[in-house]
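Note sheet for the following structure.
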Amino acid sequence: GAANSLSASKAIVIAAFPTVSLSVGSASIAEAAETSTVTAALSQTSSQDVTVTLSYSGTATSGTDYNNTASTTITIPAESLSANAATGITAIQDADTEGNETIVVDISGVSKGFENGVQQQTITILDDDIPAVTNVSSSTANGTYKAGDVIAVTVTFSHAVTVTDTPQLLLETGTTDRTINYASGSGTTTLTFNYTVLPGDTSGDLDYVGTDSLTLNGGTVTNGGLDASLVLPAPGSGSSLAGNKAIVVDTTVPTASIVVADTALKAGETSLVTITFSEAVIGFTNAELTVANGFLSAVSSADGGSTYTATFTPTADIEAATNVIALDNTRVTDAAGNTGAGTVDSNTYAIDTRCPTVSSVAVPGNRTYIAGENLEFSVNFDDNVTVNGTPRIALVVGSTTLYAVYSEGSGRADLKFVYTVGTGQNDKDGITVDALSLNGGTINDAAGNAASLTLNSVGSTAFVYVDGVVPPVPSVPDLATASDM
């Protein structure tokens with residue numbers, strides 16, 4: 001400010017660089033060659049030209065969806081506040097069903113100025129092609145579903161669509177096809193239809209009936225005022241519901257049959273038990289079974305849960321003519337979660353595991369038996385028995401073991417055994433009844449149970465004697481040589 005200083009002799013103002021903002025003439029343009037301008041504006045005038053460098057990105061492709069001649073710089077002349085790009089953005093018409101696409105305009109550099117923060121503009125090219133169905137799928141996981149379950153079926157269009165009222169989709173669900181209603185998705189490319197599985201529905205791989213299964217039902221499906229094409233991919237094709245998903249509909253409740261292989265069980269025997277279900281079931285255990293008069297080993301399956309086997313062992317020492325194994329089918333569930341109904345009984349089986357036992361043994365009367373006489377013993381069982389071969393009872397006669405051999409009674413409860421006194425056999429203090437043995441034969445009841453050979457309640461033989469010793473013949477005196485002396 002002193003005399004002769006620069007500031008006293010000159011009026012010089014040093015101004016800061018301006019900041020640059022970006023705008024576009026239209027944020028959306030029609031695909032049919034509509035154009036949008038791009039404008040750069042300064043926060044203040046500058047004494048110098050300001051050059052703004054532009055970059056383009058987004059989902060639209062330069063040269064395919066819009067002109068590739070769009071300006072990459074904008075020069076704002078000195079003392080001007082704004083300028084347009086010499087060449088703006090012009091959409092290119094095509095027939096592709098590609099949906100709306102975007103062009104993102106950014107400032108990548110400024111000469112003689114600064115970008116005002118982050119400047120970015122988006123221009124949307126509005127696709128005027130008719131929306132078409134490109135895919136049918138489901139947001140529900142692959143798996144098996146039962147009555148009452150809800151399956152969300154999704155229909156995807158090439159463009160976002162607007163829905164009014166309640167369009168419908170017809171599904172192939174067995175004897176009765178099901179019509180399901182639109183639920184949500186208007187304004188997006190994907191519409192959702194909810195299917196609630198009903199009793200009786202069935203499908204090995206859920207799909208719709210045909211390419212014409214999507215109907216308006218009095219509503220509309222549009223994009224930009226254009227009606228969407230409702231033609232679906234062919235059922236079973238890669239873009240169909242069945243092609244995209246593996247959804248099984250199963251509303252059939254599992255049923256079962258139970259077979260006990262051996263229907264007449266005796267002591268020592270077991271039987272194979274087979275439980276056959278109409279389909280594979282899950283979580284099936286012995287807890288669902290009630291077993292009459294016996295024990296069942298843990299059930300097991302070798303075919304994934306359709307057929308189970310186990311071994312049945314009857315209870316010992318019982319007789320029961322009519323028995324069943326019962327299944328509580330209400331506790332049986334298939335993979336879809338369907339629960340069986342009621343109870344199922346096996347075929348009937350008989351059990352006789354009670355072995356015949358000797359209740360008493362009747363012995364010969366008290367006296368002395370001589371050579372050639374029979375000593376009869378009656379062995380009385382608690383059940384009728386059948387005899388094969390020649391069982392025998394060991395007797396101790398004197399100090400010798402001899403035998404009373406089976407003689408008759410097969411088919412009855414009382415068996416007869418006979419010992420015939422032999423010459424020279426002798427017992428003066430009462431014979432002893434020892435043990436019953438099979439001697440290579442058998443003693444069984446009608447069921448085939450082997451009899452117990454233990455002799456119970458044997459009568460006393462303390463006074464049953466044997467005298468098979470023949471007394472010597474007295475000698476005759478020789479009278480011819482006799483003396484008179």
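It should be emphasised that the depicted structure is a prediction, and the values quoted were computed from it without experimental measurement. The figures that follow rest on heavy atoms only: side chains count, while hydrogens, waters and symmetry mates do not.
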In short, salt bridge (charged side-chain N to carboxylate O under 4.0 Å, His left out) pairs touching residues 230-242 with sequence neighbours left out are none
Is any side-chain heavy atom of C355 less than 4.5 Å from a side-chain heavy atom of F381?
no
Ignoring hydrogens and angles, state whether a donor on the side chain of D382 or T357 is under 3.5 Å from an acceptor on the partner side chain.
yes
Please answer whether the main-chain N or O of P356 pairs with a side-chain N or O of D383 as donor and acceptor at a distance below 3.5 Å.
no
Return yes if a side-chain donor-acceptor contact under 3.5 Å exists between S437 and N439, otherwise no.
no
side-chain hydrogen bond (donor to acceptor under 3.5 Å, both in side chains) with T263: which residues, sequence neighbours excluded?
none
By side chain to side chain contact (heavy atoms under 4.5 Å, CB included) - contacts of V209 (at least two apart)
L170, E172, D177, S213
Please list, chain by chain and in numerical order, all residues satisfying ring-ring contact (aromatic ring centres under 6.0 Å, His included) with Y403, sequence neighbours excluded.
none
Just to verify, what does D334 make a side chain to side chain contact (heavy atoms under 4.5 Å, CB included) with, not counting sequence neighbours?
D250, P254, E279, A336, N338
Sequence neighbours excluded, the answer for side-chain hydrogen bond (donor to acceptor under 3.5 Å, both in side chains) partners of N388 is T442
Among all residues two or more places apart in sequence or in another chain, which pass the salt bridge (Lys or Arg N to Asp or Glu O under 4.0 Å) test with D427?
none
Please list all pairs passing the salt bridge (charged side-chain N to carboxylate O under 4.0 Å, His left out) test where one or both residues lie in residues 314-323, with sequence neighbours left out.
D317-R354
Geometric class of the Y66/Y56 ring pair [parallel <30°, tilted 30-60°, perpendicular >60°]
tilted
With sequence neighbours left out, the residues meeting side-chain hydrogen bond (donor to acceptor under 3.5 Å, both in side chains) with D303 are S301, T307
Under 3.5 Å side-chain donor-acceptor pair for N380 and S378:
yes
Could you work out, with ring-ring contact (aromatic ring centres under 6.0 Å, His included) as the rule, every residue matching F312, not counting sequence neighbours?
Y349
My understanding is that only residues two or more places apart in sequence, or in another chain, count here; which of them pass side-chain hydrogen bond (donor to acceptor under 3.5 Å, both in side chains) with T196?
none
Sole candidate of N135, T154, T134 that passes side-chain contact (heavy atoms from CB on, under 4.5 Å) when paired with T190:
T154
Can you list every salt bridge (charged side-chain N to carboxylate O under 4.0 Å, His left out) pair that touches residues 140-159, not counting sequence neighbours?
K146-D149
Hey, is the main chain of I282 close enough, under 3.5 Å, to the side chain of T333 for a donor-acceptor pair?
no
